[in-house]
Structures are given as structure tokens and as C-alpha cells.
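Note that the coordinates shown come from a computational prediction; the quantities given were computed from them, not determined experimentally. These values consider heavy atoms only, across backbone and side chains, with no hydrogens, waters or symmetry-generated copies.
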Amino acid sequence: MTERTLPTILKVETVAKSRIFEVQAVDLRFSNGEERTFERLTPQRGSSVLILPIHQNELILIKEYAVGSERYELGFPKGIVDAGESPEVAANRELQEEIGFGAKKLHFLRSLYSSPSHMYGLMHVFIAQDLYPSQLEGDEPEPLEIVRLPLSEIDRLLADPNFAESRYLSALFMLREFLCSH
């Protein structure tokens, strides 16, 4: 594969801003001379974590409201890596906040980008094992519903049309591969 020259950023301008999001227009010049304006969510350069907790041969999922789809979604504990915090520490904190368990063992699977065409969105995916009861106060507006799924039913979950969030599906495929190789 040939190494390509990155486009030159000519100008970055904030075109919209809300309490949570900021949209930038980014004027670019490509190596062939073409110029275009792309839009992106302002890169925070922070990352997040997604954790696949396994306890007593079951996968622990959560059900929480997602405003994008306007419904309750089944997924995994996740959250932002706070300033000065490692992804491993953030993963363990999020577990305690969202499902009331800490993990003695965290196995890093890989990092994923979500929508890199429009935002930074780096997420570190972990498997959490050797769980122990430990609760921290989280920032959720309502209690999260805890859902347990036998590990033997991962394929059923992968086929479920209501389990459709791409990051969760990717993580579940990685977990299945991990379990088959260990």
C-alpha cells in the first residue's frame, strides 16, 4: 500500500455549538490540488472504554435509554476516560458505577474508532473477569437494568436484530474469538 500525503488544513471554524457538541467546518486542500470543506464534531482527543464483563459463565449487559434511537438499548458498560486516568482504571471505574462489580482481571482486546470520518471517537475494548462486588456512584439519570446472558448464547445475541449497535457487535465478535482461542 502506498503512503499518501495528508491533506493540508487551510482553515478550521466552529459552525455550531450546543451544550455537548461543537461542529467544525474544516477547509482542506488535497495533494492533487482539490479543495473541499468537511464537517466534524470537534475532536476532544479523549477516549472511552467499553467493557465485556464475565461473571459465573455469564456475560453481564446493561439496558439503558439511548436518545439517538429513542429507545432502551441493550449493551455493555462504557464511558469516558477521565483526565489523568488510564483506560484500565476507567474500565474498572465504569464497571463499578454501572453494574456494581470491580474486576481483578482486565484483558485488553483492541481499540476501535467510531465514525472516524466525522469525529475522533477512540474506544478501548476490554474483557473483565474475576469480578467482585463493588459499587461506585455513577452519573446515569436512572438505574440501569442488568441483563445476564449465558456465554453459550453469544451467537443468539449476535443474530438478534434488536442488538444492533456497531461497537457492541464488534466487541461481541471479538469476545467470541477470544473465548474460542482460550
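Here the OG-CG distance, from S134 to L95, works out to 9.5 Å after rounding to the nearest 0.5 Å. Rounded to the nearest 0.5 Å, atoms CD1 (I154) and CG (L59) are 6.0 Å apart. Separation of atoms CD (E35) and NZ (K11) is listed at 12.0 Å; rounding is to 0.5 Å. Note that CZ of R167 and CZ of F76 are 11.5 Å apart. Values are rounded to the nearest 0.5 Å. Going from atom CG of L6 over to atom OG of S31 covers 9.5 Å, rounded to the nearest 0.5 Å. Summarising the geometry, atom CG belonging to D155 is positioned 12.5 Å from atom CG belonging to D160; distances are rounded to the nearest 0.5 Å.
Of all the heavy atoms in A91 and L106, the pair that sits closest is CB-CD1, 4.1 Å. Nearest approach of A25 to V15, heavy atoms of both residues: CB-CG1, 3.7 Å. Of all heavy-atom pairs spanning E73 and A66, the tightest one is CG-CB, 3.6 Å. Of all non-hydrogen atoms in R71 and N162, the two that sit nearest each other are NH2-O, 3.5 Å. Of all heavy-atom pairs spanning L131 and P53, the tightest one is CD1-CB, 4.0 Å. Taking all atoms of both residues into account, the shortest heavy-atom contact from I80 to A90 is O-CB, 4.3 Å.
A continuous path of Ile, Leu, Val, Met, Phe, Trp and Tyr side chains, each step under 4.5 Å between heavy atoms, connects V147 with F163, placing both in one hydrophobic cluster. I54 and F173 end up in the same hydrophobic cluster when Ile, Leu, Val, Met, Phe, Trp and Tyr side chains are linked at under 4.5 Å. A continuous path of ILVMFWY side-chain contacts below 4.5 Å connects L50 to L151, so both sit in one hydrophobic cluster. If you chain together hydrophobic residues whose side chains sit under 4.5 Å apart, V81 and F108 fall into the same group. Residues M123 and L169 share a hydrophobic cluster, clusters being chains of Ile/Leu/Val/Met/Phe/Trp/Tyr side chains in contact below 4.5 Å.
The aromatic rings of F38 and F30 sit tilted, their planes meeting at an angle between 30° and 60°. Relative orientation of the H107 and H182 rings is perpendicular, given thresholds of 30° and 60° on the angle between their planes. Using cut-offs of 30° and 60° on the angle between ring planes, the pair F101 and H55 is tilted.
Note on R36 versus D27: no salt bridge recorded, every NZ/NE/NH1/NH2 to OD/OE distance being 4.0 Å or above. Taking 4.0 Å as the cut-off between side-chain N and carboxylate O, E64 and K78 count as a salt-bridged pair.
For the residue pair H124 and S47, a side-chain donor N or O sits within less than 3.5 Å of a side-chain acceptor on the partner. A donor atom on one side chain and an acceptor atom on the other are not found under 3.5 Å apart for Q24 and T14.
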(request) Start with the C-alpha gap between V26 and T37, add the side-chain angles, then the distance that decides, and say whether side-chain contact (heavy atoms from CB on, under 4.5 Å) holds. (result) CA-CA 5 Å; V26 182; T37 300; over 6 Å; no
(request) Run the numbers on L112 and R110 for side-chain contact (heavy atoms from CB on, under 4.5 Å), then give the verdict. (result) CA-CA 7 Å; L112 305 171; R110 72 171 294 162; 3.9 Å; yes
(message) Using the rule given for side-chain contact (heavy atoms from CB on, under 4.5 Å), can you reason through Y168 versus L74, listing the C-alpha separation, both sets of side-chain angles and the distance that settles it, and then say yes or no?
(response) CA-CA 9 Å; Y168 298 149; L74 185 61; over 6 Å; no
(message) Assess the residue pair Q129 and I127 against the criterion (side-chain contact (heavy atoms from CB on, under 4.5 Å)); give the C-alpha distance rounded to whole Å, side-chain angles, the decisive distance to 0.1 Å, and a yes or no.
(response) CA-CA 7 Å; Q129 295 172 302; I127 295 172; 3.9 Å; yes
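Between E94 and I51, some side-chain heavy-atom pair lies under the 4.5 Å cut-off. Put simply, the side chain of S111 does not reach to within 4.5 Å of the side chain of V125, judged on heavy atoms. Considering only heavy atoms from C-beta on, E58 stays 4.5 Å or farther from L149 through its side chain.
Using a distance-only test at 3.5 Å, with no hydrogens or angles considered, a donor-acceptor pair links the side chain of E85 to the main chain of D82. Counting only distance, with no hydrogens or angles, the side chain of Q96 and the backbone of N92 share a donor-acceptor pair below 3.5 Å.
For CG of L179, the number of neighbouring non-hydrogen atoms (other residues, nucleotides, ligands) closer than 6.0 Å is greater than 12. In the displayed structure, E177 atom CD is contacted under 6.0 Å by at most 12 heavy atoms of other residues, nucleotides or ligands.
For the side-chain contact (heavy atoms from CB on, under 4.5 Å) test with I99, the passing option among I60, L61, L144 is I60; the others fail.
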